[in-house]
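See structure below.
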Amino acid sequence: MDIHEYQAKEILTNFGVDVPPGALAYSPEQAAYRARELGGDRWVVKAQIHAGGRGKAGGVKVCDSDSEIQSTCEELFGRKMVTHQTGPEGKGVYRVYVEGAVPIEREIYLGFVLDRTSQRVMIVASAEGGMEIEEISAEKPDSIVRATVEPAVGLRDFQCRQIAFKLGIPPAQTQNMVRTLQGCYRAFREHDATMVEINPLVVTSDNRILALDAKMTFDDNALFRHPQISELRDKSQEDPRESRAADRGLSYVGLDGNIGCIVNGAGLAMATMDTIKLAGGEPANFLDIGGGATPERVAKAFRLVLSDSNVQAVLVNIFAGINRCDWVAEGVVQALKEVQVDVPVVVRLAGTNVEEGQKILANSGLPVIRASTLMEAAERSVGAWKNDITQTNRMRAVT
Ligand code: GDP
Ligand code: MN
């Protein structure tokens with residue numbers, strides 16, 4: 001789960017990371033009022049969306065008066081902001097953060113990530129801040145400083161001093177940098193984060209070290225033990241299809257095609273999507289019902305996929321190891337009886353209780369197109385989608 005910049009800054013502040021003074025606003029009037037409250041004569045207005053690249057997309061504006069703040073915010077509020085991280089549909093701006101502007105001397109990149117190869121938290125830093133890390137690694141790979149944290153002892157101060165030295169932090173600021181790095185690391189560990197990114201971390205001309213931007217991502221599987229983090233969720237920033245699925249305990253990734261996929265396991269989902277593409281189609285989503293899915297869960301998955309108006313055919317592909325084909329078949333039958341389905345449904349079952357599953361489908365009297373291999377299933381769903389009656393014997397379900 002992602003959170004907003006202002007939320008990440010609040011968390012990091014509690015761990016001793018310095019940030020510029022700032023305040024959140026939900027309207028242009030409130031933004032101008034907040035700026036007056038903060039004081040000073042220069043502010044930065046920042047659109048709060050769950051994506052980076054706002055600076056280049058016009059979502060970060062320096063303003064010199066409250067009327068300028070007001071007019072900047074009138075442009076921002078309600079707009080769908082498209083950055084290189086949002087996808088073409090963009091993300092809605094419903095909150096802005098107003099910050100006192102700071103005199104930047106140097107911009108540094110700082111990130112904490114989970115490195116799966118070393119199975120450690122890894123610190124990635126570069127003196128070339130202000131650029132995205134992808135750009136830095138393509139253009140200035142030698143500038144990147146890395147350090148891994150031994151979990152038994154945690155991040156050591158000497159490692160922080162080494163990083164500060166390699167980044168060329170002024171000696172008078174070394175201790176400050178150590179505190180910043182330690183703060184980020186503790187915030188990362190104590191909240192089960194998977195990423196903390198500060199880009200840029202700045203050294204100001206009056207020699208302070210401040211986090212000017214902050215992003216945090218959390219491990220969804222650990223959210224149950226961090227209720228205060230779960231509360232920061234902002235559904236306005238999520239794909240509505242994915243939020244609906246998450247609320248129902250299903251994992252769903254929305255895509256742009258028109259064949260809905262109900263699959264068990266991420267690996268099989270990948271293979272299914274590849275096969276659909278090979279057969280000339282485009283998947284509309286990736287829905288993983290997981291292991292041990294009950295008929296009710298399968299029915300829920302079905303309803304979810306069908307609620308997406310892009311879906312013009314559904315492919316159910318189950319390899320039942322922990323799952324049971326008969327339960328999946330029952331779920332399909334249940335869903336088709338409850339929901340008005342006017343798109344073709346192709347089902348391929350393999351594994352535990354496959355014969356019972358096939359029997360349930362055959363005896364249901366419902367127009368389910370059955371397939372025995374994945375390739376066949378993909379071809380039939382693509383064929384059905386293209387409305388190729390002779391190939392698939394397409395029928396419409398009437399409930
Ligand atoms: P992002 O583009 O979504 O990563 O948004 P950032 O918060 O990183 O802002 C983009 C850029 O705006 C930063 O790299 C800074 O150069 C600039 N910026 C942000 N805050 C300030 C500020 O307080 N003062 C000044 N002068 N520039 C700022
Ligand atoms: Mn940034």
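As the structure lists them, so they are numbered: ligands from 1, and atoms in each ligand from 1. Positions are given from 1, in the same order as the sequence printed here.
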Within the structure, is a non-hydrogen atom of V62 found at a distance of less than 4.0 Å from ligand 1?
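Per 4.0 Å heavy-atom rule, V62 does not contact ligand 1.
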Contact with ligand 1 for A101, non-hydrogen, under 4.0 angstrom
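It does; at least one heavy atom falls under 4.0 Å.
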Could you name the option among I104, V44, T204, I49 that has the heavy atom nearest to atom 26 (N) of ligand 1?
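Answer by nearest heavy atom: I104.
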Supply the atom-to-atom distance [X] [atom1] to [Y] [atom2], rounded to the nearest 0.5 angstrom.
X    : Y    : atom1 : atom2 : value
D288 : N264 : CG    : CG    : 7.0 Å
M273 : F286 : CE    : CZ    : 5.5 Å
N258 : W385 : CG    : CH2   : 4.5 Å
M270 : C261 : CE    : SG    : 11.5 Å

If you measure every N/O of [X] against every N/O of ligand 1, is any gap under 3.5 Å?
X    : result
G53  : yes
P200 : no
E132 : no
D213 : yes

[atom]: the protein heavy-atom neighbour that sits closest, reported with distance to 0.1 Å:
atom                    : result
atom 18 (N) of ligand 1 : L212 CD2, 4.0 Å
atom 10 (C) of ligand 1 : G55 CA, 4.0 Å
atom 5 (O) of ligand 1  : R54 NH2, 3.2 Å
atom 7 (O) of ligand 1  : K46 NZ, 2.6 Å
atom 17 (C) of ligand 1 : V60 CG1, 4.5 Å

Residues D219 and T194: side-chain donor-acceptor under 3.5 angstrom
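Absent: no donor and acceptor within the cut-off.
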Have T72 and E68 got a donor and an acceptor in their side chains that come within less than 3.5 Å?
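Per modelled atom types, T72 and E68 side chains form no pair under 3.5 Å.
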Suppose the cut-off is 2.8 Å; which protein N/O/S atoms would you list for the Mn ion (ligand 2)?
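Listed by chain and number, the atoms are N199 O, D213 OD2.
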Heavy-atom closest pair, residues A329 and G357:
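Looking at all heavy atoms of both residues, the shortest contact is CB-O, 3.4 Å.
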Could R36 and E29 be called an ion pair, given the rule that one side-chain N must be under 4.0 Å from one carboxylate O?
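A salt bridge is absent here (no side-chain N lies under 4.0 Å from a carboxylate O).
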Step through it carefully: locate the ring centre of H4, locate the ring centre of Y94, and say whether they are under 6.0 Å apart.
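Distance test on ring centres: not under 6.0 Å, no.
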Can [Y] be reached from [X] by stepping across I, L, V, M, F, W or Y side chains whose heavy atoms are under 4.5 Å apart?
X    : Y    : value
V203 : V102 : no
F77  : V45  : yes
Y6   : L212 : no

Let me see the working for R120 and E150 under salt bridge (charged side-chain N to carboxylate O under 4.0 Å, His left out), right down to the final yes or no.
CA-CA 7 Å; R120 298 279 186 272; E150 166 59 52; 3.5 Å; yes
With heavy-atom distances below 4.0 Å as the criterion, list the atoms of ligand 1 near E107.
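Close to E107: 14 (O), 15 (C), 16 (O).
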I'd like to check which ligand 1 atoms, numbered from 1 as shown, lie under 4.0 Å from a non-hydrogen atom of G52.
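Taking each heavy atom of G52 in turn, ligand 1 has 3 (O) under 4.0 Å.
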Looking at atom 22 (C) of ligand 1, is any protein heavy atom nearer than 4.0 Å to it?
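So atom 22 (C) of ligand 1 has protein heavy-atom neighbours under 4.0 Å.
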Flag yes if more than 12 heavy atoms outside D256 fall under 6.0 Å of its CG atom; otherwise flag no.
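Count not over threshold, so no.
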For ligand 1, indicate whether the residue K56 contacts it via side chain, backbone, both or neither (heavy-atom separation under 4.0 Å).
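It is neither part, as no heavy atom is under 4.0 Å.
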